[in-house]
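Take a look at the structure below.
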Amino acid sequence: MPRQIYQLKVTLADVRPAVWRRVLVPGGYTLDRLHRVIQYAMGWQDYHLHSFDVDGVQYGEPDPDGELAVLDELDVRLDAVASKGTRVGYTYDFGDWWEHEVVVEDVFGAEPDERYPACVGGARACPPEDVGGAFGYAEFLAAVRDPAHPEHESMRLWIGRAFEPAYFDAERASTLLRRLA
């Protein structure tokens, strides 16, 4: 049987215009590897905790103190918990609380000459780490866009680089994802 590839659309909740990615992922990937795919494709830096919610069951990195009750994501493969049409919740950074909706758009056989995982589409830049969630990101964008905004200069200094919210490069994301192959 050929290796199954899952076409996933990952959309960041509560951000408008939408920030999203379309990725192709082997169904045999564990949720831990799917976490890394989402991190690379979205543009996050993997500084914070995360969890998956699949049909009300929480998966993530087990908490040695037992404060976060999750099943071990290393023990669960994507193809064991998802099929075409499945919706998975993915939360990154329990402080900023970035929620993502992951939809399995399609499942198909791998193309022999293709390398997976791959990012085949998307829109808009990932928000900066530690910006304060969706509300903080909206405030950040308002400040960096308007030179007359009282926080303009401090936000420009905080980000430390040019930030173009409309920019996304799927080829660059695929190059990063190749590190997981």
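All heavy atoms count here, side chains included; hydrogens, waters and symmetry mates do not.
- In this structure, the side chains of Tyr137 and Pro165 come closer than 4.5 Å at one or more pairs of heavy atoms.
- Neither Val37 nor Val103 shares a network with the other; the hydrophobic side chains, linked directly or stepwise wherever heavy atoms of I, L, V, M, F, W or Y lie under 4.5 Å apart, form separate groups for each.
- Atoms CG and OH, from Asp106 and Tyr6 in turn, are 10.5 Å apart once rounded to the nearest 0.5 Å.
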Would Gln4 and Phe108 satisfy side chain to side chain contact (heavy atoms under 4.5 Å, CB included), going step by step from the backbone distance to the final call? CA-CA 6 Å; Gln4 293 294 294; Phe108 52 87; 5.8 Å; no
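- Taken from NE2 in His35 to CG in Leu74, the straight-line distance is 10.5 Å, to the nearest 0.5 Å.
- Looking only at atom types and distance, the side chain of His50 has a donor-acceptor partner in the side chain of Glu73 under 3.5 Å away.
- For CG of Asp14, the number of neighbouring non-hydrogen atoms (other residues, nucleotides, ligands) closer than 6.0 Å is 12 at most.
- Going from atom OG1 of Thr91 over to atom CG of Asp96 covers 12.0 Å, rounded to the nearest 0.5 Å.
- A distance of 9.0 Å separates OG of Ser51 from CD of Glu99, quoted to the nearest 0.5 Å.
- Here Trp20 pairs with nothing under the side chain to side chain donor-acceptor pair (under 3.5 Å) rule; sequence neighbours left out.
- For residues 141-162, every residue pair satisfying the ring pair (Phe, Tyr, Trp, His ring centres under 6.0 Å) rule, not counting sequence neighbours, is listed here: Phe140-Trp158.
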With side chain to side chain donor-acceptor pair (under 3.5 Å) as the test, would you mind laying out the steps for Ser154 and Glu151 before giving the verdict? CA-CA 5 Å; Ser154 64; Glu151 299 293 318; 3.0 Å; yes
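- The closest side-chain heavy-atom distance from Tyr116 to Arg3 is below 4.5 Å.
- Rounding to the nearest 0.5 Å gives a distance of 11.5 Å between CD of Gln39 and CG of Leu177.
- The neighbour count for Phe135 CZ, taken as heavy atoms of other residues, nucleotides or ligands under 6.0 Å away, does not exceed 12.
- Trp97 is connected to Val70 through a chain of hydrophobic side-chain contacts under 4.5 Å among Ile, Leu, Val, Met, Phe, Trp and Tyr, so both are in one cluster.
- Considering only heavy atoms from C-beta on, Thr30 stays 4.5 Å or farther from Asp75 through its side chain.
- Val131 is not connected to Leu157 by any chain of hydrophobic side-chain contacts under 4.5 Å among Ile, Leu, Val, Met, Phe, Trp and Tyr, and they are in different clusters.
- For the salt bridge (charged side-chain N to carboxylate O under 4.0 Å, His left out) condition, no pair includes a residue of residues 116-134, sequence neighbours left out.
- In the hydrophobic cluster analysis, where Ile, Leu, Val, Met, Phe, Trp and Tyr join through side-chain heavy atoms closer than 4.5 angstrom, Met42 is grouped together with Ile159.
- Side chains of His48 and Trp98 form no contact here, defined as non-hydrogen atoms less than 4.5 Å apart.
- A salt bridge links Arg87 and Glu101; the closest N-O separation between the charged side-chain nitrogens and carboxylate oxygens is under 4.0 Å.
- Contact detail for Cys126 and Gly43: the closest heavy-atom pair is SG-C, 3.9 Å.
- A donor-acceptor pair under 3.5 Å links the side-chain atoms of Ser174 to the main chain of Cys119, judged by distance alone.
- Here the side chains of Pro127 and Leu12 are in contact, with some heavy-atom distance below 4.5 Å.
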Would you tabulate the side-chain donor-acceptor contacts of residues 76-83 under 3.5 Å, counting partners in other chains and residues two or more places apart, or write 'none'?
unit_1, atom_1, unit_2, atom_2, d
Arg77, NE, Asp79, OD1, 3.0
Arg77, NH2, Asp79, OD1, 3.4
Arg77, NH2, Asp79, OD2, 2.5

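- For the side chain to side chain donor-acceptor pair (under 3.5 Å) test, no residue two or more places apart in sequence or in another chain qualifies with Glu153.
- With Phe168 as the aromatic partner, Arg21 meets the cation-pi criteria of under 6.0 angstrom to the ring centre and within 45 degrees of the ring axis.
- Screening Ile38, Thr11, Val23 for a side-chain contact (heavy atoms from CB on, under 4.5 Å) with Val102, the sole residue that qualifies is Ile38.
- By the side chain to side chain contact (heavy atoms under 4.5 Å, CB included) test, Leu71 is found to be paired with Val57, Tyr59, residues two or more places apart in sequence or in another chain being considered.
- Aromatic ring orientation, His100 versus Trp44: perpendicular (interplanar angle above 60°, classes split at 30° and 60°).
- Linking ILVMFWY residues whenever their side-chain heavy atoms come closer than 4.5 Å, directly or via other members, places Tyr47 and Phe163 in the same cluster.
- By the 4.5 Å heavy-atom criterion applied to side chains, Leu8 and Arg22 are not counted as neighbours.
- Taking the six-membered ring where tryptophan is involved, the planes of Tyr90 and Phe52 are tilted, since the angle between them lies from 30° to 60°.
- The nearest pair of heavy atoms linking Ala170 to Gly121 is CB-N, 4.2 Å.
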